[in-house]
Amino acid sequence: MTNSLSYQITNLRKQGCLNEAKELCETLLNQSSIDTYEASAVFWVYRELCKHAIENKDMNEAKRFYDICVSMRSHMNHDDQVADKCLNFLKKDLSPNSSVIATALSMARSSNTETAYDMVKDIISSGNCLPEEKNNLGWIIYYYLKANYRKLGSTESRRVLVSFMNLNLDKPSMVYSNILRPVSLMAEEFEDFRLISFIKMWGHENFSREDKLEGFYEGRTVPSLVDTLMTRCIKAGSSRDEIKEAFGCDVNMENVSRETYFRLFNLSKNSSWSEFWEEVNRYLVFKGDNAVVNEFHSKILSSIIWNIDDNNRNKILDILPKWGYQNFRPEDWKKEKKDDAVYDSLAEKAVSCYIKALKNSGTKEQALAAKPLFETFLRHYPSDETVTRELCLILKEEGNTKIAFDRLKNLVKNNPSKWYLWSEIEAYIDTDNLNLRSAVCAKAITLQRDEQFIGKVHLRLSEILIEMGMQREALCEVNKYIST
């Protein structure tokens, strides 16, 4: 029956009844299997249909008929050279520019990009090519743009980029991803080109698996294409929310921290201080209130502290809270050992720098804001004297004088010979406890025999003695204060 059907199809074709032959062919095409005779009959019908479609300039229909011919050819005799020649003729008729495109691609790969692009720019505009040839046109544009974007300038480069997007290539694909490499360079070169906007148009769903993988070059890790693009967007001022929307995922903050650290390193090396602090601010703005705990985030803080001097010491008051008190790693709390010497940990350096700035130009608000930092610090270094004293001032300011007194009392117990601790604790004792207040002042005076340091302690003790009704003793203390 099927041989009879293939015979009928062939006769109808020879009689010029292509529509009737096509209807019988569709019956065969709907079958689950097809034999050599049937495939041959269908092939020659659709070959004729393809030729007519080409003559009528109906290239979409011609391509559909051509694809059926290609499919049927795989079921026919392998040595049917006539069928092969007919297929090649159809392909040339479908795309008269195929040889030009192939030549241009070869030239583009050989760095002759401008000539290659000139050969195909009219083809790109007309779209007169097979879908598989559009992929080659995409590669020609890629090579051309990569080599010439600076020479072309912003406007022309973007026009070429539009022509690439109009090809409507299959995606994800290698060429569709690779175009992002010159695009990234364009974003760095041209201020009027917003990379984040292009990524939104390009579509984050079109990133391939390989685009998200890190690479390795000469023994070191190379960021993935996605991470590289994100870094460029950050550098251009895109917000974290914008990047999430454009890329369909959050940024890898470790990569952001790494790139920022190395930029800061190079800027400090070149003494580009204005750019250095701008880069610090850009990074902290992008980070926002999010927790960031990684090696390079810590190295950024270390670089900041290293490059702070007396002229910009107050910067740490703004920087450290934004960097994040909670972002110290366990390693950042450990003292550093080098060549048998022991150095302060990163956390100690940061807190010391912050306290110096507070004493120099800090506000009450900045001091109060440091409370969580100081409390965390004292959990790691409970006997630290400087931070305990600063925390006690904050607690007193908050009205938690009893808690502050208990902390300072423990410090005095552990350091009974330090006169200034005895002097400071007086301010935390209940005002009505005149005996204890006078006693701690007297203790401070007995421990420090150099009068130039304890003039204010004499004055404070005189005020307490007056409250106790001991005017003569108070006068004695005032005279000692005057003589200092």
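One is the number of the first residue; the rest follow in order along the sequence.
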Quiz item: Does Asn414 use its side chain to pair, donor to acceptor, with the backbone of Asn410 at less than 3.5 Å?
Solution: yes

Exercise. Mind checking the CG-CD1 spacing from Leu459 to Ile454? Nearest 0.5 Å is all I need.
Key: 12.5 Å

Practice problem: Using side-chain hydrogen bond (donor to acceptor under 3.5 Å, both in side chains) as the criterion, list what pairs up with Glu114, not counting sequence neighbours. | Solution: Lys151

Self-check item: Heavy-atom donor-acceptor pair, Tyr176 side chain to Trp202 backbone, under 3.5 Å
Solution: yes

Quiz prompt | Donor on one side chain, acceptor on other, Tyr420 and Glu385, under 3.5 Å | solution = yes

Quiz item: Quick one: side-chain contact (heavy atoms from CB on, under 4.5 Å) partners of His380, sequence neighbours excluded?
Solution: Trp333, Thr376

Quiz prompt | Worked check of salt bridge (Lys or Arg N to Asp or Glu O under 4.0 Å) between Asp67 and Arg64 | solution = CA-CA 5 Å; Asp67 288 341; Arg64 188 172 72 84; over 6 Å; no

Exercise. Taking atom CD of Glu205 as the centre, report whether more than 12 heavy atoms of other residues, nucleotides or ligands fall under 6.0 Å from it.
Key: yes

Quiz prompt | Glu424: side-chain hydrogen bond (donor to acceptor under 3.5 Å, both in side chains) partners, not counting sequence neighbours | solution = Arg389

Quiz item: Has Lys334 got more than 12 heavy atoms of other residues, nucleotides or ligands less than 6.0 Å from its NZ?
Solution: no

Quiz item: Stepwise, does the side chain to side chain contact (heavy atoms under 4.5 Å, CB included) test hold for Phe198 with Leu180?
Solution: CA-CA 9 Å; Phe198 181 80; Leu180 293 173; 3.7 Å; yes

Quiz prompt | Contacts of Lys322 that satisfy side-chain hydrogen bond (donor to acceptor under 3.5 Å, both in side chains) - sequence neighbours left out | solution = Asp318

Quiz item: Does the ring center of Trp306 lie less than 6.0 Å from the ring center of Phe265?
Solution: no

Quiz item: If you draw a 6.0 Å radius around NZ in Lys146, do more than 12 non-hydrogen atoms from other residues or ligands fall strictly inside?
Solution: no

Practice problem: Please report the closest heavy-atom contact between Ala357 and Arg313, naming both atoms and the distance. | Solution: CB-O, 3.6 Å

Quiz item: Ser352 and Asp344: side-chain donor and acceptor closer than 3.5 Å?
Solution: no

Practice problem: Could you tell me which residues satisfy salt bridge (Lys or Arg N to Asp or Glu O under 4.0 Å) with Glu467, sequence neighbours excluded, listed by chain and number? | Solution: Arg437

Exercise. Inspect the surroundings of NZ in Lys349 and state if more than 12 heavy atoms from other residues, nucleotides or ligands are less than 6.0 Å away.
Key: yes

Quiz item: By salt bridge (Lys or Arg N to Asp or Glu O under 4.0 Å), which residues pair with Lys364, not counting sequence neighbours?
Solution: Glu397

Self-check item: Spacing of CG belonging to Asn312 relative to CG belonging to Asn307, to within rounding of 0.5 Å
Solution: 8.5 Å

Practice problem: List for me each residue that meets ring-ring contact (aromatic ring centres under 6.0 Å, His included) alongside Trp323, sequence neighbours excluded, and say none if there are none. | Solution: His297, Phe328

Quiz item: Would the number of heavy atoms belonging to other residues, nucleotides or ligands and lying under 6.0 Å from OH of Tyr481 be above 12?
Solution: no

Quiz item: Do Val256 and Met230 touch side chain to side chain, with heavy atoms closer than 4.5 Å?
Solution: no

Practice problem: With sequence neighbours excluded, tell me which residues meet ring-ring contact (aromatic ring centres under 6.0 Å, His included) with Tyr381. | Solution: Phe377

Quiz item: Looking only at heavy atoms, which two atoms of Cys441 and Val457 are closest? And how far apart?
Solution: O-CG1, 3.7 Å

Quiz item: Under the 3.5 angstrom rule, does the side chain of Asp339 hit a backbone N or O of Ala341 as a donor-acceptor pair?
Solution: no

Quiz item: Taking the inter-plane angle between the rings of Tyr117 and Tyr144 on a 0 to 90° scale, is it parallel (under 30°), tilted (30 to 60°) or perpendicular (over 60°)?
Solution: parallel

Practice problem: Starting from the C-alpha separation in whole Å, work towards a yes-or-no answer on salt bridge (Lys or Arg N to Asp or Glu O under 4.0 Å) for Glu275 and Arg263. | Solution: CA-CA 10 Å; Glu275 293 90 342; Arg263 281 199 296 275; over 6 Å; no

Self-check item: Minimum heavy-atom distance Asp211-Ser177, with the two atoms named
Solution: OD2-OG, 2.6 Å

Exercise. Take Leu145 and Met186 through the side chain to side chain contact (heavy atoms under 4.5 Å, CB included) test and state the conclusion after the steps.
Key: CA-CA 9 Å; Leu145 203 53; Met186 286 168 55; 3.9 Å; yes

Exercise. Just say parallel, tilted or perpendicular for the rings of Tyr149 and Phe190, cut-offs at 30° and 60°.
Key: perpendicular

Quiz item: Do Asn294 and Ser257 have side-chain atoms, one donor and one acceptor, less than 3.5 Å apart?
Solution: yes

Quiz item: Excluding sequence neighbours, so at least two apart, what forms side-chain contact (heavy atoms from CB on, under 4.5 Å) with Arg329?
Solution: Val293, Glu295, Ser298, Glu331, Asp332

Quiz prompt | Gap between atom CD1 of Ile300 and atom OG of Ser303 - 0.5 Å precision | solution = 8.5 Å

Quiz item: What's the spacing between Leu317 CG and Gln366 CD if we round to 0.5 Å?
Solution: 4.5 Å

Practice problem: Please name all residues satisfying ring-ring contact (aromatic ring centres under 6.0 Å, His included) with Phe374, sequence neighbours left out, ordered by chain then number. | Solution: none

Self-check item: Distance-only side-chain donor-acceptor flag, Ser173 / Asp170, under 3.5 Å
Solution: no

Exercise. Could you tell me which residues satisfy side-chain contact (heavy atoms from CB on, under 4.5 Å) with Glu156, sequence neighbours excluded, listed by chain and number?
Key: Leu152, Arg159, Val160

Practice problem: With sequence neighbours excluded, tell me which residues meet side-chain hydrogen bond (donor to acceptor under 3.5 Å, both in side chains) with Glu259. | Solution: none

Self-check item: Lys456 atom NZ: more than 12 heavy-atom contacts under 6.0 Å
Solution: no

Quiz item: Hey, mind stepping through Ile445 and Trp419 against side chain to side chain contact (heavy atoms under 4.5 Å, CB included) and telling me if it holds?
Solution: CA-CA 7 Å; Ile445 292 170; Trp419 70 271; over 6 Å; no

Quiz prompt | Atom pair CD (Glu348) and CG (Asp384), whose distance is rounded to the nearest 0.5 Å | solution = 7.0 Å

Quiz item: Between the main-chain N or O of Leu169 and the side-chain N or O of Lys171, is there a donor-acceptor pair closer than 3.5 Å?
Solution: yes

Practice problem: Please report the C-alpha distance between Lys480 and Glu451 in whole Å, then the side-chain angles of each, then the deciding distance to 0.1 Å, and finally whether the salt bridge (Lys or Arg N to Asp or Glu O under 4.0 Å) criterion is met. | Solution: CA-CA 8 Å; Lys480 289 178 181 179; Glu451 293 292 330; over 6 Å; no

Practice problem: Taking all non-hydrogen atoms of both residues into account, name the closest pair between Leu411 and Ser383 and its distance. | Solution: CD1-O, 4.1 Å

Exercise. Would you sort out whether Cys353 and Ile308 count as a side chain to side chain contact (heavy atoms under 4.5 Å, CB included), showing the intermediate values?
Key: CA-CA 9 Å; Cys353 186; Ile308 276 180; 4.1 Å; yes

Quiz item: CE of Met174 to OG of Ser208: how many Å apart, nearest 0.5 Å?
Solution: 8.0 Å

Quiz prompt | Ser224 versus Leu213, closest heavy-atom pair with distance | solution = CB-O, 3.1 Å

Quiz item: Should the heavy atoms of other residues, nucleotides or ligands under 6.0 Å from NZ of Lys91 be counted, would the total exceed 12?
Solution: no

Quiz item: What heavy-atom pair brings Ile316 and Pro321 nearest, and what distance separates the two atoms?
Solution: O-CD, 3.9 Å

